Colleague: 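Pasting in a structure now, in structure tokens, and then I'll have a few things to ask.
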Amino acid sequence: MSKLWSSSIGKKLVMSLSGLFLLLFLLVHLAANLFYYGGPEAYNAMCEFMDTNPFIRIMVPVLALGFIIHIAWATVITLKNRTARPVKYKVQDLRKSSTWESRNMYVLGIIVLGLLVWHLSDFWAEMQLQHFVGGTPAVDQYALLENTFANPVISVLYIVWIVALWFHLRHGFWSAFQTVGLDNQIWIRRWQCIARIYAAVVAAGFISIPVAVLVSRFCCGN
């Protein structure tokens, strides 16, 4: 069993399972973010629930561990693949045999990680972290979201982040199921279709919020 987890197949399996866990988290996070459209009371009530719920407080370090495992194993696999072929093969046109996102998963992951760090420092540190250290948020969460996304630069960076995440999810979703063995000719096509729908819904949902804030502030004068 130990040989399995230390093998390249085992590492890919761990990365896939951690990725599937993160896919579920994204849906929960998106559902929470969409409370923005319910107005200040609904959004702030959701934030209070997320910040103080015991189960969610326990899941935060589990989620962080999931991110660390996913990133670490992705790095190990990528470096191993590159060092295994020190001499580059003849340049080949891979566009017909693979998708753009599949050839750039690690780069997309780095972009997602970099902007995730900023996102955590800008939102999570001002909200949930305050509860973890025994305090209470000193800001109105709804106002924090609106004031942050009212800055066009921040909104553009956020949208770039979500677009990179969209590409990452389009390939990562179905390839995770392929790795765990659900890869027969019928189901792999279904997973690929579901992956495109899932990635599009998640990306559209997250992007809609900064767009709504910008439209409200600069077009409607709110």
Side-chain angles (χ1 to χ4, degrees), residues 19 21-53 55-68 70-71 107-170 172 198-222:
F21 170 69
L22 296 176
L23 288 173
L24 179 60
F25 158 74
L26 280 174
L27 284 180
V28 175
H29 191 51
L30 174 61
N33 279 15
L34 292 178
F35 272 79
Y36 164 76
Y37 293 107
E41 290 187 7
Y43 185 77
N44 288 336
M46 178 279 301
C47 289
E48 179 69 17
F49 172 78
M50 296 289 285
D51 292 345
T52 58
N53 183 276
F55 176 75
I56 294 176
R57 289 170 69 91
I58 293 173
M59 287 303 297
V60 168
V62 176
L63 176 64
L65 180 62
F67 271 108
I68 293 172
H70 191 72
I71 295 166
V107 174
L108 290 168
I110 293 298
I111 296 173
V112 171
L113 175 62
L115 291 174
L116 174 64
V117 173
W118 158 76
H119 185 62
L120 289 174
S121 65
D122 204 36
F123 281 97
W124 187 77
E126 296 291 339
M127 295 182 183
Q128 199 171 47
L129 180 60
Q130 300 301 318
H131 287 285
F132 273 92
V133 297
T136 55
V139 296
D140 181 294
Q141 291 95 326
Y142 185 88
L144 174 64
L145 183 149
E146 286 214 319
N147 292 334
T148 299
F149 286 135
N151 184 330
V153 175
I154 291 179
S155 286
V156 169
L157 284 175
Y158 183 85
I159 291 171
V160 168
W161 175 35
I162 299 302
V163 170
L165 180 63
W166 171 58
F167 279 114
H168 197 77
L169 293 175
R170 273 169 55 96
Y198 171 88
V201 169
V202 168
F206 281 119
I207 289 175
S208 72
I209 296 175
V211 171
V213 171
L214 289 175
V215 170
S216 176
R217 288 292 180 94
F218 293 99
C219 296
C220 302
N222 294 335

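Keep in mind the model is a prediction, meaning the values are calculated, not measured. All values below come from the heavy atoms of this structure, side chains included, with hydrogens, waters and symmetry mates left out.
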Colleague: Could you give the side-chain donor-acceptor pairs of residues 205-215 under 3.5 Å, partners two or more places apart or in another chain?
Modeller:
residue : atom : partner : partner atom : Å
Ser208  : OG   : Tyr37   : OH           : 2.8
Ser208  : OG   : Gly205  : O            : 2.7

Colleague: Enter the distance from Asn33:CG to Phe35:CZ here, rounded to the nearest 0.5 Å.
Modeller: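 Those atoms lie 10.5 Å apart.
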Colleague: Hey, does the side chain of Tyr198 reach the backbone of Leu23 with a donor-acceptor pair shorter than 3.5 angstrom?
Modeller: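 Pair found, side chain donor or acceptor close to backbone of Leu23.
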Colleague: Please report, to 0.1 Å, the donor-acceptor pairs under 3.5 Å made by any side chain of residues 153-163, with sequence neighbours excluded.
Modeller:
residue : atom : partner : partner atom : Å
Ser155  : OG   : Phe149  : O            : 2.6
Trp161  : NE1  : Val112  : O            : 3.1

Colleague: With sequence neighbours excluded, tell me which residues meet side chain to side chain contact (heavy atoms under 4.5 Å, CB included) with Ala32.
Modeller: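 So Ala32 forms a side chain to side chain contact (heavy atoms under 4.5 Å, CB included) with Met46, Met50.
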Colleague: Take atom CZ in Phe25; do more than 12 heavy atoms of anything else shown fall under 6.0 Å from it?
Modeller: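 Yes, the 6.0 Å shell around CZ holds more than 12 heavy atoms from other groups.
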Colleague: Do Asn147 and Arg217 have a side chain donor and acceptor closer than 3.5 Å?
Modeller: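 Result is yes, a qualifying pair exists.
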Colleague: Shortest non-hydrogen contact from Gly39 to Tyr142?
Modeller: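 Scanning both residues, the minimum pair turns out to be C-CE1, 3.6 Å.
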Colleague: Please report the interatomic distance OH(Tyr36) to CG(Leu145), rounded to the nearest 0.5 Å.
Modeller: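 One gets 6.5 Å once the value is rounded to the nearest 0.5 Å.
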